[in-house]
Student: 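Before anything else, here's the structure in question.
Here the structure is a predicted model, which means the values were calculated and not measured. Every heavy atom of this structure was used, including side-chain atoms; hydrogens, water molecules and symmetry mates were not. Quick note on labels: first sequence line is chain A, next is B, and so on, each numbered from 1.
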4 protein chains.
Amino acid sequence: MDAPRRTRNGPRRSEAARVAVLRAADDLLVDSGFQAVTVGSIAERAGVSKQTIYRWWRSKIDILLDVLEEDLPDDVTSRPPGTESAQEVLTGHVTHLNRVFTRSDTGRVLFVLIGHALQDATTASALRNQVLDRRRGHARARLRNALACDAPGALPRQEADRLLDLLAGPVFHRAFMTGRPTDPLFAERLAATVLTCRQGTPLDGAPAAGPTL
Amino acid sequence: MDAPRRTRNGPRRSEAARVAVLRAADDLLVDSGFQAVTVGSIAERAGVSKQTIYRWWRSKIDILLDVLEEDLPDDVTSRPPGTESAQEVLTGHVTHLNRVFTRSDTGRVLFVLIGHALQDATTASALRNQVLDRRRGHARARLRNALACDAPGALPRQEADRLLDLLAGPVFHRAFMTGRPTDPLFAERLAATVLTCRQGTPLDGAPAAGPTL
Amino acid sequence: MDAPRRTRNGPRRSEAARVAVLRAADDLLVDSGFQAVTVGSIAERAGVSKQTIYRWWRSKIDILLDVLEEDLPDDVTSRPPGTESAQEVLTGHVTHLNRVFTRSDTGRVLFVLIGHALQDATTASALRNQVLDRRRGHARARLRNALACDAPGALPRQEADRLLDLLAGPVFHRAFMTGRPTDPLFAERLAATVLTCRQGTPLDGAPAAGPTL
Amino acid sequence: MDAPRRTRNGPRRSEAARVAVLRAADDLLVDSGFQAVTVGSIAERAGVSKQTIYRWWRSKIDILLDVLEEDLPDDVTSRPPGTESAQEVLTGHVTHLNRVFTRSDTGRVLFVLIGHALQDATTASALRNQVLDRRRGHARARLRNALACDAPGALPRQEADRLLDLLAGPVFHRAFMTGRPTDPLFAERLAATVLTCRQGTPLDGAPAAGPTL
DNA sequence: GGCTAACCGAGACGGTACGTCAAGTCTTGGC
DNA sequence: GCCAAGACTTGACGTACCGTCTCGGTTAGCC
């Protein structure tokens, strides 16, 4: 089981083609908008045949999911752990989210995919399973770590998720609904608000009452 | 331009057809999903010809915008104004938003339209101009009114918008991204948090510094 | 039932498109060979969309069947009936067949369709039902009429068909298999042979014995 | 060029693969029809790779030509030469042709190849060169031999070919065009007719006049 | 009451993209 | 060098939906 039981013959999947397709899809989306992203146009720009695309992806949405998975930047702070205050960590996270949403090419891809997910449940779950859940896991861990410094006692997973919703939601909303990005001031205040919320007493007994939360 | 220069002859627009189209589009979307909503299928289900549709709408998105405009429920509270605390008003708004997003047929329409708006700038501005801005105006007024009781002094428009983002964002995020709706407890805590944020001192001098906010 | 019970609304089938498609298919086949006859290329040359073709025909073979039905020339002799000898009628028929097979554009179409029929039973029966049977009926009638002059007594249908096979077969075989057409001398001798066969005594009692013939 | 300049290394062509391919092509054609005969399906059924096929054949038509060449039965009569009358020889040939066309698996292959030849000149000449001409040569020799008994004096080659056309044509025509096979009675009468034609005087001076015949 | 413009149903039309299929070529690693 | 496996380019296939258009029939409203 540890050894490749049988060495497969024949040509392997062309890495060059794979990369060219992902890059072509990304470029087309950024340059010309989603309606220009066609399996045919991706194939042409990537210098690849349509059939090669359909051999490895089931749809252009599938391609964009792979683009997202590869390109979506993680929230990595350069500072060593433990040297940041909780406020700084949260502010940094908000800023990171905003930057991803509004400035990166990958943000465009994310927009389109969320847009498609809102119209199609299959895309929605694929997006969650393939991309979002992992990111949410990272963010949750970071958050728990940051808050553990200030408030001793474990931060329950559900509670962490609530806080993440409070953090990400407004950034999201501003970027998507109003079209105006989150400015640094808003980021800072948002972080502070969430921290305040965390420290408030009303939460203490609450989580037990929220069954599915 | 002011006067209809000439009295028109012939029959006027058929109200029956208009309603049948809107209803057919809504039903199709709710019953069979967005990919089943085509101009042809709407026409068929409405017992109307495609030409009649294209005479009055430019695309199926246009139809859905009209559906949304007609059906999207306003946040109407049964209580007379002035008898609710700010906390109650905010909690009610959050609850209303959540109900619209997750329970109504119109929520499906809204989802789809936001999804399309994320892929197409034209749809985005149409959605904002035709539907969202008006709702936002109502919500802002309601918010200003509610907060004026507790905190004398006008609530600046930009500040009100910030608070609305704080309120709507997490509801939005939960409904869209995690797929789990907002529960009453979360609604209450969210309202409280936003109120806390409003009363905090850090905001006092701040708005002046936020240029584009 | 005699009256068109209800006048249909809407646009009728475009005769121009129909004719253009048939003509384009014929031209492509004659100019560039069968492998150049593609639904796409027909559409392009006819100035028509692919969908219009698929609305009215199920395949390019269907189109060619229509071409054949419209263009395949009948065996019409200029002479008034009764002024030709049986030999002349038969020779004329053979010459006609040969000319159709080897010289006309329609002959190319016929070749291709027979070729396809040899590979596909559906095409074979369509070809027979739509085109060949009618021609065979005409030829049979002409043959019976011609032979009735010389040999009193009705020519049974089965017998007529046998003679038609004897007549058409060799023309066919030369055109298809050897690639060399039937010359006038061969035509004359073929006709004479068939006549001889007809007058011979061996046939008299025979047809009764041939069950499925 | 005269000497194989160097003894080749490595394995020679796999006879097993060659046979498997021919057999697979034949089986597929007989079992599932021509449209099921693809290079891929042949390779799969033969347990052979596509490359191996393309190394030795240029197309699936090429394969079928080989199938035909190997399997097409010769017209071998069990009787010793000289013990059959001309009528018997001719009747036997007609019967043989009919059996090949209508009953054997190879007949299916022949049909398909003739069908393809009618659509493609290259296939037509390949079919003639590789298969048909040799068979025609055998048939011609047999015919000349048979007729020499009854009618002393050499049967010119062109004349023999004419007679072969007269013989094969109707069998062909019945099998291909009408779909009804040749019955024994028809075979006998056909042979008799051709013999009659042969013995008639009109032929004597004729061949000289037919230039390309 | 007739005229006429605008409405309506039906649905054919030119397009664009889809997703599938087969042909024929090329690449890899084993024998 | 042959072979199995199979990825690759190419190009036709047949389908779906778009948005436009053309019919014949049906109402208003004004003369």
Side-chain angles (χ1 to χ4, degrees), chain A residues 6-14 16-18 35-41 43 47-60, chain B residues 6-14 16-17 35-41 43-44 46-60, chain C residues 6-14 16-18 35-44 46-60, chain D residues 8-14 16-17 35-41 43-44 46-61:
Chain A
R6 194 83 175 74
T7 9
R8 222 190 38 71
N9 280 352
R12 301 306 179 279
R13 172 172 184 179
S14 158
R18 193 188 71 84
Q35 103 289 353
V37 179
T38 279
V39 178
S41 65
V48 144
S49 80
K50 245 189 355 166
Q51 185 54 41
T52 294
I53 292 183
Y54 280 111
R55 197 186 340 273
W56 301 109
W57 294 275
R58 273 171 317 172
S59 66
K60 62 186 175 188
Chain B
R6 206 141 149 34
T7 23
R8 259 202 338 93
N9 282 351
R12 299 305 178 274
R13 172 172 186 180
S14 156
Q35 104 290 352
V37 179
T38 67
V39 177
S41 65
E44 190 180 3
V48 143
S49 84
K50 272 203 317 177
Q51 182 52 36
T52 295
I53 291 183
Y54 280 109
R55 203 186 333 269
W56 303 109
W57 293 275
R58 274 171 317 172
S59 68
K60 63 185 177 187
Chain C
R6 195 80 177 73
T7 4
R8 221 192 39 70
N9 282 352
R12 300 310 177 280
R13 172 172 184 179
S14 159
R18 193 187 70 85
Q35 103 290 350
V37 179
T38 279
V39 177
S41 65
I42 294 174
E44 191 180 3
V48 144
S49 82
K50 248 191 347 167
Q51 185 52 44
T52 293
I53 292 184
Y54 281 110
R55 200 188 335 273
W56 302 110
W57 294 275
R58 272 171 319 172
S59 67
K60 62 186 175 187
Chain D
R8 262 199 338 93
N9 283 349
R12 300 305 180 275
R13 171 173 187 179
S14 157
Q35 104 290 353
V37 179
T38 68
V39 177
S41 64
E44 190 181 3
V48 143
S49 84
K50 272 202 318 176
Q51 180 54 35
T52 296
I53 291 183
Y54 280 108
R55 204 188 331 271
W56 303 110
W57 293 274
R58 276 171 317 173
S59 68
K60 64 182 176 187
I61 293 298

Student: Among residues at least two apart in sequence or on other chains, which ones pass salt bridge (charged side-chain N to carboxylate O under 4.0 Å, His left out) with D/Arg58?
Tutor: D/Asp62
Student: Check whether any side-chain N or O of A/Trp56 sits under 4.0 Å from OP1 or OP2 of F/dC8, and answer yes or no.
Tutor: yes
Student: So, for C/Lys60 and C/Val39, which heavy atoms are closest and what is the spacing to 0.1 Å?
Tutor: CB-CG2, 4.2 Å
Student: Counting side-chain heavy atoms from CB outward, which of E/dT20, E/dG29, E/dG24 is closest to D/Tyr54?
Tutor: E/dG24
Student: Can you check whether A/Trp56 reaches A/Arg13 side chain to side chain, under 4.5 Å on heavy atoms?
Tutor: yes
Student: Base, sugar-phosphate or nothing for A/Lys50? Non-hydrogen atoms, less than 4.0 Å.
Tutor: base
Student: Name the closest nucleotide to the A/Asn9 side chain, picking from E/dG30, F/dA7, E/dG11.
Tutor: E/dG30
Student: With a 4.0 Å cut-off on heavy atoms, is A/Arg55 in touch with a base, just the backbone sugar-phosphate, or nothing at all?
Tutor: base
Student: Answer yes or no: is there a donor N or O on one side and an acceptor on the other, between the side chain of A/Ser49 and the main chain of A/Thr52, under 3.5 Å?
Tutor: yes
Student: May I have the distance from C/Ile42 (atom CD1) to F/dG11 (atom P), rounded to whole angstrom?
Tutor: 18 Å
Student: Looking at the base of F/dC2, is there any donor atom on it, or on the side chain of D/Gln51, that sits under 3.5 Å from an acceptor on the other one?
Tutor: no
Student: Under 4.0 Å between any heavy atoms, over every strand shown, what does C/Ser41 touch: base, sugar-phosphate, or nothing? Just pick one.
Tutor: nothing
Student: Can you see if the side chain of A/Lys60 gets near the phosphate of E/dG19 - specifically, an N or O under 4.0 Å from OP1 or OP2?
Tutor: no
Student: Return the value, rounded to whole Å, for the distance between atom CZ of A/Arg13 and atom P of F/dC8.
Tutor: 7 Å
Student: Any donor and acceptor pair, going by atom type alone, linking the side chain of A/Thr38 with main-chain N or O of A/Ser41 inside 3.5 Å?
Tutor: no
Student: Is A/Ser59 touching bases, backbone alone, or none of the nucleic acid, heavy atoms closer than 4.0 Å?
Tutor: nothing
Student: Hey, does the side chain of D/Ser49 come within less than 4.0 Å of F/dC3's phosphate (OP1/OP2), counting only N and O?
Tutor: no
Student: Give the rounded distance in Å between these two atoms: CD1 of C/Ile53 and P of E/dG14.
Tutor: 9 Å
Student: Check the distance between F/dT20's P and B/Trp57's CH2 and give it to me in whole angstrom.
Tutor: 15 Å
Student: On DNA chain E, compare the nucleotides closest to C/Arg12 and A/Val37; which residue's is nearer the 5' end?
Tutor: C/Arg12
Student: Should D/Thr52 be listed as having a side-chain N or O under 4.0 Å from OP1 or OP2 of F/dC2?
Tutor: no
Student: Select from C/Gly40 and D/Val48 the residue whose nearest nucleotide in DNA chain F is closer to the 5' end of that strand.
Tutor: D/Val48
Student: 5'-most contact on DNA chain E: D/Gln35 or B/Ala17, nearest heavy atom basis?
Tutor: B/Ala17
